[in-house]
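Working notes, beginning with the structure itself.
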Protein chains: 2
Amino acid sequence: MRDQKQQPAGPGRVGRLSRQTILTAAQGVLREEGAGNLSMRRLAKELSSTPMALYHHVRDKEELLLLLLDAHAEAFPRPELPEEPRERLLASAQVLHDILADCPWIVEVLASDGFVSVSAMWLVESMIDAAVGCGLTHEDAVYAYRVIWYYTIGELTVRFNRERARGEGGGPPQRERTMRVLTAEEYPQLARLGGRWTELATADNHRRGLEAVVDGLLRAAR
Amino acid sequence: MRDQKQQPAGPGRVGRLSRQTILTAAQGVLREEGAGNLSMRRLAKELSSTPMALYHHVRDKEELLLLLLDAHAEAFPRPELPEEPRERLLASAQVLHDILADCPWIVEVLASDGFVSVSAMWLVESMIDAAVGCGLTHEDAVYAYRVIWYYTIGELTVRFNRERARGEGGGPPQRERTMRVLTAEEYPQLARLGGRWTELATADNHRRGLEAVVDGLLRAAR
DNA sequence: ACCTGAACACCGTTCAAGT
DNA sequence: ACCTGAACACCGTTCAAGT
């Protein structure tokens, strides 16, 4: 895990709290009450401690979230990847997506310019290698990774937000959320866009778009 | 603008406040102090009113943001679009991106499953029409729109977050933000990913990725 | 070094009352 | 109908002190 070296076994486990106990408690809150309820104060309460005690073990909330992401990525099963480059690129990107799909709370942390977790860099490497194997220059392969990254987090952002709007994930009581979606009254031409506007986004469809994106990125290769 | 019909000229302009004055004030705060400082309370102060007064004109903060997005989209110049379908699809998607690129504050509202602003539905239609013109079925064209939408908001999310991390956009005093980026110490293989990891994401590069995505989506057409 | 209590500077939103 | 004041139920983070 990230920062292993800074806290190998020396300081950090003298007092009641440690990075590890904090992380475990955070995972508990996430599991029981959802991402919307994970706050430094809630977490302190969970540990029968004070908010400030936490700041002795993590710099701030963002670091905590990064640590959680890293732990999640590390625990995620590492599937066998195909050898054939294009298949390998697709499979790696799919794993990346699947890792993140389990973490609605990373939306707050998606800030970063790429996948930040050390525990998942093997995936980034796998994707770039596969793209090079497909005939892209190294620079184009890095760029291809970025485009796939954008597509992935775009899909996830929309997905998580929709779930949140529907009240999944144990958020607060969830007052009636009218799902502010365009109505035919506001926008008469809506019908032209085809029905089932909202029902199209499932896991399968992520794969389908992923294939299109990848093929587009590889179209000029070799 | 959205909800024009609900407040044509009847109620809503009797008291000191109206949707319009609130929107104008919000645009001011956005311009002067950035998205991070736009709160219902800040806005009430700007209008020398109370937070609750606002709730008489907008349902909640989300509606306010949607209204702002819609006004922005409406004010955005509507460029001439090329006739040729592929070029038209590319150009429409680029305009969609450019409209949103001016609104760092929409990240909070990107919840929605597609572009929600009525004032910009012409773009969605343009994209879907162009995709059909390229030989996609209507259903595939709608799906293509979604993939492009994911790519677009993914790119924007990363872009805005990077800007925020760098302290642009008039946020709070911005304490030293060490830009929690992977270091070579944490991840020795970092060099393999190529330098200029962060410098690749500019407007030009959005276009380049967009072309790849579009070509991938159109690859099986006709 | 590790933890506590109190405080700072905020949020969005609701309730009950005023005009 | 429109607006106010006070309150509810929170945030992340800092400061000064304790052991």
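Note on naming: letters A, B, ... go to the chains in the order of the sequence lines (proteins, then strands), and numbering restarts at 1 for each one.
- With hydrogens and angles ignored, the 3.5 Å screen pairs no side-chain donor or acceptor of B:D70 with any backbone N or O of B:A73.
- A donor-acceptor distance shorter than 3.5 angstrom exists from the side chain of B:H57 to the backbone of B:L17, with no hydrogens or angles considered.
- As rounded to whole Å, 12 Å separates atom P of C:dA9 from atom NZ of B:K45.
- Applying the salt bridge (charged side-chain N to carboxylate O under 4.0 Å, His left out) test to every pair with at least one member in residues 43-52 of chain B, sequence neighbours left out, gives these pairs: B:R42-B:E46.
- Out of C:dT13, D:dC2, C:dT4, the shortest distance to the side chain of A:T50 is found at C:dT4.
- For the pair B:D60 CG and C:dC11 C1', the computed distance is 14 Å after rounding to whole Å.
- Side-chain atoms of A:M52 lie closest to D:dT14 of the nucleotides D:dT14, D:dA6, D:dG12.
- In this entry the distance linking CG of A:L17 with P of D:dT19 reads 19 Å, nearest Å.
- One can place NZ of B:K61 at 18 Å from C1' of C:dT14, the figure rounded to the nearest angstrom.
- Between B:R16 and C:dT19 there is no side-chain polar atom (N or O) within less than 4.0 angstrom of OP1 or OP2.
- Atom CG of A:L43 is separated from atom C1' of D:dC11 by 14 Å (rounded to the nearest Å).
- Of the possible donor and acceptor atoms, none in the side chain of B:H72 sits under 3.5 Å from a partner among the backbone N and O of B:C103.
- Between the side chain of B:N37 and the main chain of B:V29, no donor-acceptor pair closer than 3.5 Å is present.
- Nucleotides C:dC3 and D:dC15 are separated by 14 Å at their C1' atoms, to the nearest Å.
- For D:dC3, the OP1/OP2 oxygens have no side-chain nitrogen or oxygen of B:S49 closer than 4.0 Å.
- Atom CE of B:M40 and atom P of D:dG5 are 17 Å apart (whole Å).
- Regarding contacts with the backbone of D:dC3, a side-chain N or O of B:H57 is found under 4.0 angstrom from either OP1 or OP2.
- Using a 4.5 Å heavy-atom threshold, the side chains of B:V58 and B:M40 count as touching.
- Both A:S48 and A:R41 lie close to DNA chain C; mapped to their nearest nucleotides by heavy-atom distance, the more 5′-ward contact belongs to A:S48.
- By the side chain to side chain contact (heavy atoms under 4.5 Å, CB included) test, B:A131 is found to be paired with B:L89, B:L136, B:A141, residues two or more places apart in sequence or in another chain being considered.
- Paired with B:Y150 under the rule side chain to side chain contact (heavy atoms under 4.5 Å, CB included), one option of A:L156, A:I153, A:V158 passes, and it is A:V158.
- Rounded to whole Å, the distance from NE2 on B:H56 to P on C:dT13 is 15 Å.
- Comparing D:dC10 with C:dA9, their P atoms are spaced 23 Å from each other, to the whole Å.
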Query - Dot-bracket pairing map - DNA chain C, Watson-Crick plus G-U, both contacts under 3.5 Å, | cross-strand - result: ||.|||||...|||||.||
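- You'll find that the side chain of B:R42 is closest to C:dC11, out of C:dC3, D:dT13, C:dC11.
- Applying the 4.0 Å criterion to OP1 and OP2 of C:dC11, one finds that B:S39 has a side-chain N or O inside that range.
- Nucleotide C:dT13 holds its P atom 11 Å from the CD atom of B:E63, rounded to whole Å.
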